[in-house]
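Working notes, beginning with the structure itself.
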Amino acid sequence: MFDLWRSGFVRRSLTSVAASGPTADEIVWLPDDPAGFRYVADPFAILRDGRVTVFVEAFDYRTRRGEIHYFQYDEGDRLVGQGQALAEPFHLSYPCLIADGDDLYMLPEGHKSGSLNLYRCVRFPDRWERLPESIMPVPAIDASVVRHGGRWWMFHALPGPGDRAMRELHVAHADALTGPWTSHPANPVASGFDQGRPGGTVFEADGHLHLPIQDCAHTYGGAINLMRIDTLTPEAFGATVVKRFEPGDILTGYGDGLHTLSGDDTVACIDVKSIRTSPAERWIKAQFKVRRLLGLNRPGRTALRPPRPKFPSSLVAGAA
């Protein structure tokens, strides 16, 4: 068995979609892959220059390494552009978008790198520069960041045995987006497969922050539980699950999961899952092994690296 995901967006605010849920007739679905064994998931969108740009994890079972791709839509919801936004030698997913002043950042999940890396947009939407230093020394998973109460807050999971990444919710805070980040003393602030892994954008409604959380109790990404943050200080944390979103029959054939609810004041995104079986699975796995042996699973284009500082020759000589 293998999972296939479909991603879509709605031209309504995230708070509106969270209040009433999306309807099937208003969702614009990103293109499906007719070849199969490829999907796009974890959608995060932004409205800029009159276009909706949706960033997603693009995953191919032949390489088993996710990349961040983008899809652009005009005012008539026509697809007018698409391509690769970010790729690394390690798996990337969950392209959380963060605005800080005039800068746009992306905080994708890339825990196999061993750390958490922040990327600054240098040319929208397809050129991103990785900051020289990781912002956290731990490989945070599905990090969701929000500025609230004069500081930055990060909700995330951590890798570990026993499916730890799906059953422990952690929180950290910082004065600046780039850190240093301080782990909350109550971590993990929530436990259980139904509330342990972030699933989208943190947003404010009715005076409280709300965090979409994946429900993985029965299957990975089975549904979204909406967690209301009742208490959030550097010393204390309290939360209540107030709502649940299931895939239902919103898209025929994709009723096995829903694990992203993201967006802002102009656009919201979801994704839905179909669990499939195919006699070609064995052949796809064989392709992956052959490609790995031949070194063909590497990305075609990696992130920009900031230039190394140049020092006067006198300083270099003195250091010797």
Side-chain angles (χ1 to χ4, degrees), residues 14-15 18 42 44 46 93-111 113-121 130-160 164-192 194-214 224-242 260-265:
L14 176 57
T15 54
D42 297 349
F44 286 79
I46 184 171
S93 62
Y94 203 81
C96 179
L97 298 174
I98 308 165
D100 187 14
D102 294 331
D103 289 323
L104 179 65
Y105 293 90
M106 184 187 295
L107 190 62
E109 188 275 309
H111 79 275
S113 70
S115 60
L116 181 64
N117 298 299
L118 184 66
Y119 298 78
R120 183 176 65 88
C121 185
R130 191 168 83 183
L131 270 60
E133 303 292 336
S134 63
I135 64 171
M136 285 186 74
V138 296
I141 293 176
D142 292 355
S144 301
V145 174
V146 65
R147 185 160 179 81
H148 176 73
R151 70 179 67 231
W152 290 93
W153 295 92
M154 180 190 299
F155 302 86
H156 65 91
L158 287 173
R164 185 189 187 195
M166 292 187 283
R167 58 178 175 80
E168 287 185 7
L169 178 64
H170 292 251
V171 177
H173 60 87
D175 292 329
L177 178 60
T178 54
W181 288 85
T182 301
S183 181
H184 200 284
N187 282 336
V189 296
S191 299
D194 60 341
Q195 55 181 348
R197 183 167 178 155
T201 304
V202 189
F203 65 94
E204 186 170 344
D206 300 324
H208 290 87
L209 290 181
H210 290 73
L211 171 67
I213 290 285
Q214 296 186 43
I224 285 288
N225 288 324
L226 189 61
M227 178 180 285
R228 185 187 67 211
I229 310 301
D230 301 314
T231 304
L232 184 62
T233 71
E235 299 80 25
F237 179 89
T240 305
V241 173
V242 295
T260 304
L261 178 63
S262 67
D264 57 18
D265 293 338

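Residue indices begin at 1 and follow the sequence shown. On a predicted model such as this, the values are computed, not experimentally measured, just so you know.
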Flag for Thr260-Tyr94: side-chain donor and acceptor within less than 3.5 Å: no
Interatomic spacing from CG in Leu104 to CG in Leu97 - rounded to 0.5 Å: 5.5 Å
Rounded distance [0.5 Å steps], OH in Tyr119 versus CZ in Arg130: 5.0 Å
Enclosure of Glu133 CD (heavy-atom neighbours >12, cutoff 6.0 Å): no
Inter-residue atom distance Ile213.CD1 - Gln195.CD, 0.5 Å rounding: 7.5 Å
Minimum heavy-atom distance between Met227 and Ala190, given as atom pair plus value: CE-CB, 4.3 Å
Point-to-point distance, once rounded to the nearest 0.5 Å, from CZ of Arg197 to CG of Asp142: 4.0 Å
Residues, nucleotides or ligands: over 12 heavy atoms within 6.0 Å of Asp265 CG: no
Phe203 side chain near Leu226 side chain, heavy-atom distance below 4.5 Å: yes
Verdict with supporting geometry, Val138 and Trp181, side-chain contact (heavy atoms from CB on, under 4.5 Å): CA-CA 11 Å; Val138 296; Trp181 288 85; over 6 Å; no
Separation of Ile141 CD1 from His170 NE2 (nearest 0.5 Å): 10.0 Å
Worked verdict on Asn117 versus Ser134 for side-chain contact (heavy atoms from CB on, under 4.5 Å): CA-CA 5 Å; Asn117 298 299; Ser134 63; 3.5 Å; yes
Pro188 and Leu169, any side-chain heavy atoms less than 4.5 Å apart: no
Review item, side-chain donor-acceptor pairs of residues 147-158, under 3.5 Å, at least two apart:
from	atom 1	to	atom 2	distance (Å)
Arg147	NH2	Gly150	O	3.4
Arg151	NH1	His173	ND1	3.2
Trp153	NE1	His148	O	3.1

Return all side-chain donor-acceptor pairs below 3.5 angstrom for residues 228-239, not counting sequence neighbours, or 'none' if the list is empty.
from	atom 1	to	atom 2	distance (Å)
Arg228	NE	Asp230	OD1	2.6
Arg228	NH2	Asp230	OD1	3.2
Asp230	OD2	Thr240	N	3.4
Asp230	OD2	Thr240	OG1	2.6
Thr233	OG1	Glu235	N	3.2
Thr233	OG1	Ala236	N	2.9

Any donor-acceptor pair under 3.5 Å from Asn225 side chain to Asp194 backbone: yes
Arg164 CZ to Ser191 OG distance, which is reported to the nearest 0.5 Å: 10.0 Å
Exercise: identify the closest heavy-atom pair between Ser262 and Leu14: O-CD1, 3.6 Å
Heavy-atom pair of closest approach, residues Gly199 and Gln214: CA-CG, 4.0 Å
Any side-chain heavy-atom pair of Asp264 and Thr201 under 4.5 Å: no
Heavy-atom pair of closest approach, residues Ile224 and Pro212: CG2-CB, 3.9 Å
Shortest non-hydrogen separation from Val145 to Ile98 and the atoms involved: CB-CD1, 3.8 Å
Smallest separation among heavy atoms of Ala174 and Pro180, with atom names: CB-O, 3.3 Å
